[in-house]
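Scroll down for the structure; my scribbles are underneath it.
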Amino acid sequence: MQKTTKKALITGITGQDGAYLAQLLLEKGYEVTGTYRRTSSVNFWRIEELGIQAHPNLRLVEYDLTDLSSSIRLIQTAEPDEVYNLAAQSFVGVSFEQPVATASITGLGAVHLLEAIRIVNPKARFYQASTSEMFGKVQAIPQVEDTPFYPRSPYGVAKLYAHWMTVNYRESYGIFGSSGILFNHESPLRGREFVTRKITDSVAKIVLNKLDVLELGNLDAKRDWGYAKEYVEGMWRILQAEQPDTFILATNRTETVRDFVTMAFKGAGIDIDFTGKGEAETGHCARTGKLLVRISPKFYRPAEVELLIGDPGKAMRELGWAPKTTLEQLCQMMVEADMRRNEQGFSF
Ligand code: NDP
Ligand code: GDR
């Protein structure tokens with residue numbers, strides 16, 4: 001592989017995508033500056049698990065996206081050729097509880113970086129982590145780049161603001177600002193509050209007798225789930241394009257949360273039967289009849305995104321990007337990783 005001498009800045013390196021993207025860019029020869037938040041205890045388990053924490057070309061810096069002057073200093077000191085803005089309050093459920101903080105971090109935060117780029121280093125290329133949540137109450141199936149947006153959560157609204165500001169800086173100032181509208185992507189490094197990882201970690205705990213029952217919210221929601229490691233490669237391709245633009249990354253397959261639960265238990269050798277409807281629905285072991293899944297209203301959201309399915313045709317044609325890992329393979333990979341972690345007595 002031809003090595004580059006470029007410099008990249010990744011905000012949110014402690015998150016799922018930040019860790020995988022850092023790994024990819026380091027492999028390509030980039031000098032990477034990755035930002036993390038000041039917290040009482042550091043949160044480097046993902047970059048440790050990938051074995052890149054002590055990489056000589058990786059520099060970790062403290063940064064809060066809500067602070068404009070820090071954003072300016074960050075662009076000054078990192079001198080990036082490419083900026084990947086992955087930092088966000090990214091949990092949809094929490095955004096209903098913390099709409100103002102979500103607007104500030106997930107929405108305005110992106111503008112702090114765009115302003116810093118405009119003022120300090122207007123040649124830097126900027127990637128904004130946009131989301132299928134902007135389609136929300138979907139206006140077309142499958143969703144494509146020009147499907148009208150209709151966000152259904154404070155998170156989706158904040159991301160839509162950041163998305164349009166990226167387009168606006170592109171059109172107003174000629175900034176190379178691109179936006180990847182990424183559909184859900186998962187991996188063993190996914191945070192445990194998101195539904196796929198919650199399911200695979202709970203399945204592992206149930207098999208190992210560390211948990212009795214998995215409690216979930218809406219099992220009918222349908223998502224287009226892909227593999228995060230492939231999606232960060234798509235992010236990189238988006239910034240290598242000749243022109244700044246907006247691209248969807250998705251698999252064009254949608255399944256319910258219930259399907260993912262069934263798949264995860266199957267991956268651990270357990271067949272599950274569902275009975276009942278709505279809040280009364282339960283899932284039982286097909287062999288023993290033991291209760292394994294029940295519904296808890298606390299996991300329902302005030303407004304739900306019922307169905308997402310994305311058409312990645314534009315990214316396939318123009319960037320040569322394509323998803324490869326099937327949902328079955330992804331789910332199996334996550335179940336096996338969580339079995340291993342729980343057997344070893346730790347699980348992040
Ligand atoms: P994660 O939640 O795993 O990571 C988010 C990162 O943002 C973490 O490093 C977090 O730090 C950091 N962060 C949060 N608040 C701040 C702040 N105020 N200042 C600086 N950093 C902050 O998200 P993912 O890796 O899954 O997603 C990456 C991006 O892509 C996010 O913007 C997300 O909204 C977006 N996205 C994700 C999709 C997915 O399916 N994964 C799909 C579409 C878009 P800490 O570790 O300290 O919390
Ligand atoms: P999402 O992901 O909201 O799509 O946002 P999440 O995994 O949180 O929810 C997916 C669907 O599952 C339903 N659900 C539950 N969700 C959680 N978290 N916990 C539960 O117990 C549960 N039960 C049912 C939800 O209602 C929802 O319909 C993710 C994030 O990564 C965003 O940052 C990103 O932008 C989008 O994906 C694309």
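First listed ligand is number 1; within each ligand, the first listed atom is number 1. From a predicted model like this one, the values you see are computed outputs, not experimental measurements. The first residue of the sequence shown is numbered 1, and numbering continues consecutively from there.
Every atom of ligand 1 is numbered from 1 in the order shown, and the set under 4.0 Å from a heavy atom of Tyr63 is 19 (N), 20 (C). Residue contact check: Ala221 has heavy atoms under 4.0 Å from atoms 28 (O) of ligand 2. Residue Ile105 has at least one heavy-atom neighbour below 4.0 Å for each of these atoms of ligand 1: 15 (N), 16 (C), 17 (C), 18 (N). Each of the atoms 17 (C), 18 (N), 19 (N) of ligand 1 lies under 4.0 Å from some heavy atom of Asp64. Contact atoms of ligand 2 toward Glu133: 4 (O), 36 (C) (distance under 4.0 Å to a heavy atom of the residue). Taking every non-hydrogen atom of Arg190 and a distance limit under 4.0 Å, the qualifying atoms of ligand 2 come out as 29 (C), 30 (C), 31 (O), 37 (O).
Leu60 and Val232 fall within the same hydrophobic cluster, defined by Ile, Leu, Val, Met, Phe, Trp and Tyr side-chain heavy atoms under 4.5 Å apart, directly or through other members. Ile181 and Tyr161 fall into different hydrophobic clusters, where Ile, Leu, Val, Met, Phe, Trp and Tyr residues are linked whenever their side-chain heavy atoms come under 4.5 Å apart, directly or through other members.
Contacts between Arg301 and ligand 2 below 4.0 angstrom, taking non-hydrogen atoms only, involve the side chain exclusively. With a 4.0 Å cut-off on non-hydrogen atoms, Val195 touches ligand 2 through its backbone as well as its side chain. In Tyr300, neither the side chain nor the backbone holds a heavy atom less than 4.0 Å from any atom of ligand 2. The proximity of Arg190 to ligand 1, defined as any non-hydrogen pair under 4.0 Å, is limited to the side chain. When non-hydrogen atoms are compared, ligand 2 lies under 4.0 Å from the side chain of Val92 (C-beta onward) but not from its backbone.
Taking 4.0 Å as the cut-off, Gly93 does not count as a neighbour of ligand 2 on heavy-atom distance. Not a single heavy atom of Glu133 sits closer than 4.0 Å to an atom of ligand 1. Using a non-hydrogen distance threshold of 4.0 Å, Arg192 does not register as a contact of ligand 2. The shell of residues lying under 4.0 angstrom from ligand 1, judged by heavy atoms, excludes Thr11.
For the pair Thr39 and ligand 1, the shortest N or O to N or O distance does not fall below 3.5 Å. For ligand 2, none of its N or O atoms has an N or O atom of Phe299 under 3.5 Å away. Geometrically, ligand 1 and Thr131 share no nitrogen or oxygen pair separated by less than 3.5 Å. The N/O atoms of Lys198, backbone and side chain alike, include one that comes under 3.5 Å of an N/O atom in ligand 2. For the pair Thr196 and ligand 2, the shortest N or O to N or O distance does not fall below 3.5 Å. Looking at Ser130 next to ligand 1, no N or O pair under 3.5 Å apart turns up. For a threshold of 3.5 Å applied to N or O pairs, the pair formed by Ala88 and ligand 1 contains at least one separation below that value. In terms of N/O distances under 3.5 Å, ligand 1 is approached by Leu86. Checked by distance only, ligand 1 and Gln16 come closer than 3.5 Å through their nitrogen or oxygen atoms.
Considering only heavy atoms from C-beta on, Val257 stays 4.5 Å or farther from Asn218 through its side chain. Side-chain contact between Phe135 and Ile248: present, with at least one pair of heavy atoms (C-beta onward) separated by less than 4.5 Å.
What sits closest to atom 43 (C) of ligand 1 on the protein, heavy atoms only, is Leu182 O, 3.1 Å. At the top of the distance list for atom 18 (N) of ligand 2, counting protein heavy atoms only, stands Glu193 O, 2.9 Å. The closest protein non-hydrogen atom to atom 23 (N) of ligand 2 is Gly217 N, 2.8 Å. Nearest protein neighbour of atom 4 (O) of ligand 1, counting heavy atoms only, is Gly15 CA, 3.4 Å. Nearest protein heavy-atom contact of atom 2 (O) of ligand 2 is Asn184 ND2, 3.7 Å. For atom 8 (C) of ligand 1, the closest heavy atom belonging to the protein is Thr14 OG1, 3.6 Å. Closest protein heavy atom to atom 36 (N) of ligand 1: Tyr155 OH, 3.9 Å. Distance from atom 38 (C) of ligand 1 to its nearest protein heavy atom, with residue and atom name: His185 CE1, 3.2 Å. From the protein, the heavy atom lying nearest to atom 33 (O) of ligand 2 is Ser90 O, 2.6 Å. With hydrogens left out, the protein atom closest to atom 27 (C) of ligand 2 is Arg223 NH2, 3.4 Å, a heavy atom. What sits closest to atom 17 (C) of ligand 1 on the protein, heavy atoms only, is Arg37 CD, 3.5 Å. Of the protein's heavy atoms, Glu304 OE2, 2.6 Å lies nearest to atom 26 (O) of ligand 2. Here the protein heavy atom with the shortest distance to atom 21 (N) of ligand 1 is Ala87 CB, 3.4 Å. Counting protein heavy atoms only, atom 34 (C) of ligand 2 is closest to Tyr155 OH, 3.5 Å. At the top of the distance list for atom 19 (N) of ligand 1, counting protein heavy atoms only, stands Leu65 N, 3.0 Å.
Counting only N and O atoms by type, the side chains of Gln89 and Thr106 include no donor and acceptor under 3.5 Å apart. Ser187 and Gln16 share a side-chain donor-acceptor pair at under 3.5 Å. Using modelled atom types, one finds a donor on one side chain and an acceptor on the other under 3.5 Å when comparing Thr256 with Asp259. Side-chain polar atoms of Ser132 and Gln143 form no donor-acceptor pair below 3.5 angstrom. In summary, the side chains of His112 and Ser71 do not present any donor paired with an acceptor at a separation below 3.5 Å, with no hydrogens or angles considered.
By the 4.0 Å N-to-carboxylate-O rule, Arg258 lies close enough to Asp220 to be salt-bridged with it. Between Glu336 and Arg340 no salt bridge is recorded (no basic side-chain N to carboxylate O distance below 4.0 Å). For Lys266 and Asp271, the salt-bridge test passes: some basic side-chain N is under 4.0 Å from an acidic carboxylate O. Between Glu62 and Arg73 there is no salt bridge, since no side-chain nitrogen of the basic residue lies less than 4.0 Å from a carboxylate oxygen of the acidic one. Between Glu186 and Arg223 no salt bridge is recorded (no basic side-chain N to carboxylate O distance below 4.0 Å). Salt bridge Arg197/Asp338: present, at least one basic N to carboxylate O contact under 4.0 Å.
Between the side chain of Glu304 and the backbone N or O of Arg301, no donor-acceptor pair lies under 3.5 Å.
Between His185 and Tyr231, the two ring planes are parallel [angle under 30°; tilted spans 30° to 60°].
Evaluated by nearest non-hydrogen atom to atom 1 (P) of ligand 1, the leading choice among Ser90, Ser132, Ala129 is Ser90.
Heavy atoms from other residues, nucleotides or ligands lying under 6.0 Å from CZ of Phe299 number more than 12.
Applying side-chain hydrogen bond (donor to acceptor under 3.5 Å, both in side chains) to Lys7 and the options Glu31, Glu79, Glu82 leaves one that passes, Glu79.
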